Amino acid sequence: MQNTRLRLYGSRALLQLESWSQNPWRRYSLLLIIFLGGFSTGASIGALAGALSFLDPLAALLCVLVAELAIRVRKPLLRKGGDRLLLGLLDMARMGVIYGLLLEGFKASV
């Protein structure tokens, strides 16, 4: 890849985030924030798809595709050594979205 300014800023920001999160409390709070953001996103997707009932199959397909993409991105991150903050953030976001969708599904069935 080319060394563009955007790529350099992105890699520098990720390194700063990894160094900032060396403290376990900071890491856990960051993971919790990402999980809750994913949960909010999943609940919003479920509520919007329920309100616009003609988009249910499309929303389900989109959610499955995003979850599968996150799983496929996870495999190279597992092979890479070093700090696994990015892997944890990806997992928490994925789990939050799925949990939010699941809870919306249970609310709709009651």
Side-chain angles (χ1 to χ4, degrees):
M1 294 181 66
Q2 295 180 356
N3 287 331
T4 61
R5 284 187 200 171
L6 181 63
R7 183 173 175 271
L8 291 176
Y9 287 146
S11 63
R12 196 175 308 149
L14 185 61
L15 289 174
Q16 287 176 348
L17 185 65
E18 286 176 354
S19 68
W20 178 80
S21 69
Q22 290 299 319
N23 185 342
W25 285 103
R26 288 180 182 171
R27 182 178 289 260
Y28 294 144
S29 66
L30 183 63
L31 291 174
L32 181 65
I33 289 169
I34 295 297
F35 177 78
L36 292 174
F39 175 78
S40 175
T41 303
S44 298
I45 290 171
L48 287 174
L52 306 171
S53 62
F54 64 93
L55 291 177
D56 284 342
L58 183 63
L61 176 67
L62 182 67
C63 291
V64 168
L65 288 176
V66 168
E68 282 296 319
L69 181 67
I71 290 170
R72 293 196 188 269
V73 167
R74 187 179 190 276
K75 287 183 182 181
L77 289 175
L78 277 173
R79 291 186 193 124
K80 189 175 82 169
D83 194 12
R84 294 190 172 186
L85 178 66
L86 191 59
L87 179 66
L89 293 176
L90 180 68
D91 283 343
M92 283 300 181
R94 182 173 48 94
M95 286 189 292
V97 168
I98 291 172
Y99 184 66
L101 286 169
L102 184 70
L103 190 66
E104 283 295 318
F106 282 133
K107 283 197 285 186
S109 67
V110 172

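Values below: every heavy atom of this structure, side chains too, minus hydrogens, waters and symmetry copies. Quick caveat, the model's predicted, so the values are computed rather than measured. Residue numbers count from 1 along this sequence.
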In terms of heavy-atom contacts, Ala67 and Ile98 come closest through CB-CD1, 4.5 Å
Are Val73 and Ile71 grouped together when hydrophobic residues (ILVMFWY) are joined by side-chain heavy atoms under 4.5 angstrom apart?
no
To check you understand the geometry: which heavy-atom pair defines the closest contact between Leu101 and Cys63, and what is its length?
CD1-SG, 3.5 Å
Under the side chain to side chain donor-acceptor pair (under 3.5 Å) definition, can you give me all pairs with a residue in residues 2-25, not counting sequence neighbours?
Asn3-Arg7
Using the rule that Ile, Leu, Val, Met, Phe, Trp and Tyr join whenever any side-chain heavy atoms are under 4.5 Å apart, tell me whether Leu85 and Phe35 fall into a single cluster.
yes
If every non-hydrogen atom of Ala70 is compared with every non-hydrogen atom of Arg94, which pair is closest and at what distance?
CB-CD, 3.8 Å
Any donor-acceptor pair under 3.5 Å linking the side chain of Ser40 with the backbone of Leu36?
no
Any chain of hydrophobic side-chain contacts (each under 4.5 Å) joining Leu31 to Leu90?
no
Go through the steps to decide whether Leu86 and Leu77 satisfy the test side chain to side chain contact (heavy atoms under 4.5 Å, CB included), and finish with yes or no.
CA-CA 8 Å; Leu86 191 59; Leu77 289 175; 4.1 Å; yes
I'd like to know whether CG of Leu6 has more than 12 heavy-atom contacts from other residues, nucleotides or ligands below 6.0 angstrom.
no
Residues at least two apart in sequence or cross-chain that pass ring pair (Phe, Tyr, Trp, His ring centres under 6.0 Å) with Phe39, listed by chain then number, are Tyr99
For side chain to side chain contact (heavy atoms under 4.5 Å, CB included), just list the numbers for Arg84 and Leu78, CA-CA rounded to whole Å, side-chain angles, deciding distance to a tenth of an Å, and then say yes or no.
CA-CA 8 Å; Arg84 294 190 172 186; Leu78 277 173; 3.7 Å; yes
Quick check: is Ile34 connected to Leu14 through a chain of hydrophobic side chains (ILVMFWY, heavy atoms under 4.5 Å apart)?
no
Say you draw a straight line from OG1 of Thr41 to CD1 of Ile45; how long is it, rounded to the nearest 0.5 Å?
6.5 Å
Pairs flagged by side chain to side chain donor-acceptor pair (under 3.5 Å) wherever residues 57-75 is involved - sequence neighbours left out
Arg74-Asp91
Check whether Leu32 and Met95 end up in the same hydrophobic cluster, where Ile, Leu, Val, Met, Phe, Trp and Tyr are linked by side-chain heavy atoms less than 4.5 Å apart.
yes
Taking the side chain as every heavy atom from C-beta outward, state whether Leu17 and Leu89 have any pair of such atoms under 4.5 Å apart.
yes
Measuring from Met92:CE to Leu30:CG, what's the distance to the nearest 0.5 Å?
10.0 Å
